A.B. asks: 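Below you'll find the structure I mean.
Given the structure is predicted, the values throughout are model-derived calculations rather than measurements. Quick note on labels: first sequence line is chain A, next is B, and so on, each numbered from 1.
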Amino acid sequence: MLQKHANLMTDSQPILSLKSVRKMFGPHAAVDTINIDITEGEFFTIVGPSGSGKTTLIRMLAGMDQPTSGDILLRGTRINDLPANKRPTCMVFQSLALFPHRTVGQNIEFPLKIRGEDPAKRKVRALQLMTLLRLPESYYGKNVMKCSGGERQRVALARALAYDPQILFFDEPLSAIDYKLRKTLEKELKDIHRETNKTFIYITHSLEEAMVMSDRIGVMRDGKLVQVGTPHEIYTAPRSRFVSEFVGDVNVIPVTRAGNGRLRMNDSGRELVPPGKAPEFASGHLVVRPEYLRFLKQTSDADNALEGRLYNEYALGSRIQYQVRVGENVFVVEKLRQQPFSGKLDDKVIIGWDANDGILVSE
Amino acid sequence: MLQKHANLMTDSQPILSLKSVRKMFGPHAAVDTINIDITEGEFFTIVGPSGSGKTTLIRMLAGMDQPTSGDILLRGTRINDLPANKRPTCMVFQSLALFPHRTVGQNIEFPLKIRGEDPAKRKVRALQLMTLLRLPESYYGKNVMKCSGGERQRVALARALAYDPQILFFDEPLSAIDYKLRKTLEKELKDIHRETNKTFIYITHSLEEAMVMSDRIGVMRDGKLVQVGTPHEIYTAPRSRFVSEFVGDVNVIPVTRAGNGRLRMNDSGRELVPPGKAPEFASGHLVVRPEYLRFLKQTSDADNALEGRLYNEYALGSRIQYQVRVGENVFVVEKLRQQPFSGKLDDKVIIGWDANDGILVSE
Amino acid sequence: MSPGFRNALPVMLFLLAGFAAPLIAVTWFSFMPPRTFAFTGTPTLENYETIFQSTSYISFLWSLALAALTVVLLALIAYPVAYGLVRVFGKWSMLATLLFTIPLFVSENIRLYGWVLFLIKNGVMLGTLKTYFGIQAESILFTLPAIVLGMVYVYLPFMLFPMTLGISMVPQDTRDAATDLGASRWQVFREVELPLSLPGIMIGCLLTFVLAVGAIAEAKVLGGQQIIPITHDIEIAFTYSQNWPLGAALSVLLMLVVGALVVLVLRRFDLDVLLGRR
Amino acid sequence: MSPGFRNALPVMLFLLAGFAAPLIAVTWFSFMPPRTFAFTGTPTLENYETIFQSTSYISFLWSLALAALTVVLLALIAYPVAYGLVRVFGKWSMLATLLFTIPLFVSENIRLYGWVLFLIKNGVMLGTLKTYFGIQAESILFTLPAIVLGMVYVYLPFMLFPMTLGISMVPQDTRDAATDLGASRWQVFREVELPLSLPGIMIGCLLTFVLAVGAIAEAKVLGGQQIIPITHDIEIAFTYSQNWPLGAALSVLLMLVVGALVVLVLRRFDLDVLLGRR
């Protein structure tokens, strides 16, 4: 992987620390004992399905909610009780929360007006930010509700930057935007992160989005942070079935540890060769990503092989996925479009993988 | 590619033919002179950005709108003026349009009730369809608004199937559903198409969705059908810049035909080797997909090579994208995660591609 | 005690004091001896006995019958109009809605006097017929039809607006889907449109019924004392005959009758069931 | 001619006939000679001259002043209540709203008589004070404060509902964002909450003003003829003095004054601008 930010490598004090942060709604823990340290200048993304508590978490970080227990430290200072308007942090909302009765300029200048800066200075700063975010200068006097989706996105970000926060929070700001524009804005956001050098904390339910932008990713489930790591770590070394399935299409095989150190498939009893660095456990799941599965000429061509029938194929742009029925189960094999598989539907096929391409998870 | 349906190969009469179908809204042509033949049993998807006229088109096919001119033929019979309730076709709406005051069973039985079938027979058929769509039998008496998003989807499809239509239309039924469930439902829908052997006509703005499910895809733009073909044809041989960009990330290079048969890049004047089967034209675009671009040791390692600086990298699950700045332009290079590129940000790099991996389009 | 409740408490006490006060006063006075003006007398049922022995039940019946007739007529008139506003008129709906709304800005009494001028012998309508067409017709003024006309006229917007809302809440897609599944226009109406717009219709009927039972001006101005609704009896008790406890007792009975009817209808047509919420 | 217009035409004609008829009749009659009952007289401005030479302007001013005072008091009372209903009371809002709604199901006159019984000397309030606490106080009944109390009481829901709607239309996110950008509670209110809820406030004010100008029962029942609003003058002209053309002319003037005010306010506070639509 490329080395992204020199300051990620220094072991200076974290800009934001969460110590056993919990939030109870009645008897239910929406956020359950979370510990993270966020490094200055980092792009940190919290990803999880809806209801996993990520919005509650970010609202506590922004000061719109108070944790039931635990501490939130900003550069070592406890800020649990500091209200949102006193925190040097700012949030871009899912709804964007623009002020519909104001112009683009007035929206961007809002935090400066609140701070009592004089109008001339305010305008200079607003135009600066509009240039940074590629908004034409003529938009300064335009009503914000007349802007397109992508433009509003940029106004919201400019307004947050005008506050000059030490940390910027993002609450799924791209989720309502259509696919093509979202892809463009994801890349723009990463560029802005690079240009401003601020700490970004982003939440989303889309791991695809998280992978594209983040330096580190934290995966949330049922209020708990189940894994934290770089996109590469999350993708190649998921620590649970949940994380592996969240990242993309995977083949999950329930297995039990056999006496000879091998794995036994729970349904067919067939024995499999485990990956080299396998954790100790009695039963769990073997995860094999579709791009590591191959079509074989004969069963001896790979460490592990299974026989089945070709059931379906799906085109995915540069890749093609094949579904193979093995007994009751369906396996997914992914090939590049340049090297497609030439079988016919319902043909008998052999699929296999090298032992070290499998990932063993105990859950 | 696999051979999908034997009946696609016979040259029997098309089940649905559109002959110069036009729909005017005032002076504006929402649907502009469309000609297609849909084969019996086909899964045909019309894909286009919002406002491209695809909803207007499908509403005319379903009988909810009349074309201004042109003919719609069902097995050779003109059905322009046949109202929706007399056509042997049925639509699954984007909103699903379930009857909120009815149970799951009553929703599915609605077309049978309208037809005057007796209650006992209706229930047998409804339960059959619920089994086909993996809805538990206990849902029969459940209020349809208490079902989850995926379940409602299945109820809407079951209701449409209860009508026993010759053609099923789908108006972006998956667009409001979150990513993971959508992926599952896409595959389920393809399975149902296979099991029922009905003709499916699907519209969507997501080419990803279209690629996964369809036998053939028609791409719409500004009311016109700009290209029709299999997913493979659309992906590997787009006929215009619009189609190539719609399919995914691409590198588009504006070029002019030089005297020596080569191509000249409009911005830098550098000469490029054109693909073997290049159409005749004076100026246009050379399209190169990111997975066909390679990092080179030296410029002579490929037919075409460009020098630039590594600008950014994005993780995309099984693949990694690199942005390379060449002069004013940014090129995207895609590599598999198993074989990442080991450069550092801002390094000088050489990228290149083989002449035949480029696609020339005149628009 | 939740903070919501703690904050709501003073407002609710203020409401109970401010809004319940007159109702409590009326109820209390209905048990005072007849023709007294103090609230300190010994409670008695005398006023209620007087009412049950009198012919007041005729006024009650007139009020209820007039209100019921008004609601039925309003439902028949307003449904097609509301349907047109939502489905047919397109951009002309705005103008039509405005035409319905503007008269509401004019005091009800003025509009009723307008009807008197319009309907009276030698007034706008009959005068025109007589002068220009030589037709001599009887005026309907000061008869039952005039009262009903006035009530329908005054309460039409209160039926129309909830109905329009109810009909507009039926999604176009749902109607299209029913047609697409083979339903004829009539089947779409019966199976989808009517059940889904029923909440709006019911609210309109309840609202206009309650308003119409409490109406007094229409009967006074257009009915010319031909018909005495119960509200008129109450007014007389409070003013000319200065028998406040009797007026209070009549008021209590009216509230009980209307309240019972409303509860009955609401239980019969459970709104949640209609809206498909369970 | 669009199909929408073709279908809307009969309904609009019916509306013009049904709804404009009384207004046209009133306008026409206002130009008839005084004390006539036929519409065929020679048009004259005599009624308007009579009004301008009389002291009717006092009634006009009373009506406008009473309505203005009512609107101001209502705005001050209703805003905090509406704010509480939307933002503070949580699940108790439903109950509080119900308490506001129930009295609307009781005829207005009955509720006003209830206030008389409550306020009168030896009535519920003063009687209690005297009997149990030995305090002797003057009744406010039949004075200006009683009329204002009655108007505020009767029209509170009509101010409260649009205001509640207006406040509930301000998104929570927008308020959170303002706070997050450094604004204090007061700045959030002034910069975001108030401008965004202004349409609801304006509609409430207009509605209650128009209703209050047309009010007559409050002054009659609670004011005991101490104050004569213009609606009372009109009623007298139509009934006791049997001078219909004069009543019609007064009505026309009232409609003109109210109409002019409404147009003026609507132009001043362009709703589209307030809503940020342009």
Side-chain angles (χ1 to χ4, degrees), chain A residues 1-5 49-50 175 178-180 183 186-187 190-191 194 205-208 210-214 217 230-232 234-236 245-249 289-292 310-323 330 332 334 336-338 340-345 347 357, chain B residues 1-5 49-50 175 178-180 183 186-187 190-191 194 205-208 210-214 217 230-232 234-236 245-249 289-292 310-323 330 332 334 336-338 340-345 347 357:
Chain A
M1 294 297 96
L2 308 180
Q3 184 185 326
K4 303 267 187 64
H5 294 280
S50 53
S175 62
D178 71 42
Y179 187 79
K180 262 204 107 63
K183 292 288 135 199
E186 282 171 7
K187 296 191 174 175
K190 192 167 181 182
D191 288 350
R194 217 173 132 168
H205 63 269
S206 156
L207 210 115
E208 215 185 331
M211 300 272 289
V212 168
M213 297 188 293
S214 323
I217 295 173
T230 64
H232 188 69
I234 298 281
Y235 188 81
T236 56
E245 288 187 320
F246 202 71
V247 174
D249 286 305
R289 297 212 170 274
E291 68 266 26
Y292 289 106
L310 191 57
Y311 178 65
N312 228 331
E313 74 155 45
Y314 307 105
L316 301 172
S318 63
R319 298 151 296 140
I320 297 174
Q321 282 193 350
Y322 301 88
Q323 283 190 329
V330 175
V332 181
E334 190 173 299
L336 292 178
R337 185 177 286 283
Q338 294 106 309
F341 177 62
S342 56
K344 283 195 170 48
L345 285 191
D347 274 2
D357 287 342
Chain B
M1 294 299 97
L2 306 180
Q3 184 185 325
K4 303 268 188 62
H5 293 281
S50 54
S175 63
D178 71 40
Y179 186 81
K180 266 208 99 65
K183 291 289 137 196
E186 282 171 7
K187 296 191 175 176
K190 193 168 179 180
D191 288 350
R194 217 174 135 168
H205 63 272
S206 158
L207 208 113
E208 215 186 330
M211 299 271 289
V212 168
M213 297 187 293
S214 323
I217 295 174
T230 63
H232 187 68
I234 297 281
Y235 188 82
T236 56
E245 288 187 320
F246 202 73
V247 173
D249 286 305
R289 297 213 169 270
E291 68 265 27
Y292 288 106
L310 192 55
Y311 178 65
N312 227 333
E313 74 155 44
Y314 306 104
L316 301 172
S318 63
R319 298 151 298 138
I320 298 174
Q321 283 192 349
Y322 301 87
Q323 282 190 328
V330 175
V332 181
E334 190 173 299
L336 292 179
R337 186 178 285 281
Q338 294 105 309
F341 178 61
S342 57
K344 283 195 170 44
L345 285 190
D347 274 4
D357 287 342

A.B. asks: Where do A:S318 and B:R319 come nearest, in terms of heavy atoms and distance?
C.D. replies: OG-NH1, 4.0 Å
A.B. asks: Which atoms of B:L336 come close to chain A, meaning under 4.5 Å heavy atom to heavy atom: side chain ones, backbone ones, both, or neither?
C.D. replies: side chain
A.B. asks: Quick check for you: to the nearest 0.5 Å, what is the distance between A:D191 atom CG and B:Y311 atom OH?
C.D. replies: 4.0 Å
A.B. asks: Check whether A:E186 gets within reach of chain B through its side chain, its backbone, both or neither, counting any heavy atom under 4.5 Å.
C.D. replies: neither
A.B. asks: Check whether any side-chain heavy atom of A:E291 sits under 4.5 Å from a side-chain heavy atom of B:R337, and report yes or no.
C.D. replies: no
A.B. asks: What closest approach, in Å, do B:Y314 and A:V212 show between heavy atoms, and which atom pair accounts for it?
C.D. replies: CD2-O, 3.3 Å
A.B. asks: B:T236 versus chain A, heavy atoms under 4.5 Å apart: side chain, backbone, both or neither?
C.D. replies: side chain
A.B. asks: Looking at CZ of A:R194 and CG of B:L345, how far apart are the two atoms once the value is rounded to the nearest 0.5 Å?
C.D. replies: 5.5 Å
A.B. asks: Pick one of side chain, backbone, both or neither for B:D249, based on which atoms fall under 4.5 Å of a heavy atom in chain A.
C.D. replies: side chain
A.B. asks: Who wins among A:R289, A:K187, A:K183, A:E334 for the most heavy-atom pairs under 4.5 Å with chain B?
C.D. replies: A:K187
A.B. asks: Verify whether one side chain among A:Q323 and B:K190 offers a donor that lies under 3.5 Å from an acceptor in the other.
C.D. replies: no
A.B. asks: B:Q338: what forms a side-chain hydrogen bond (donor to acceptor under 3.5 Å, both in side chains) with it, not counting sequence neighbours?
C.D. replies: none
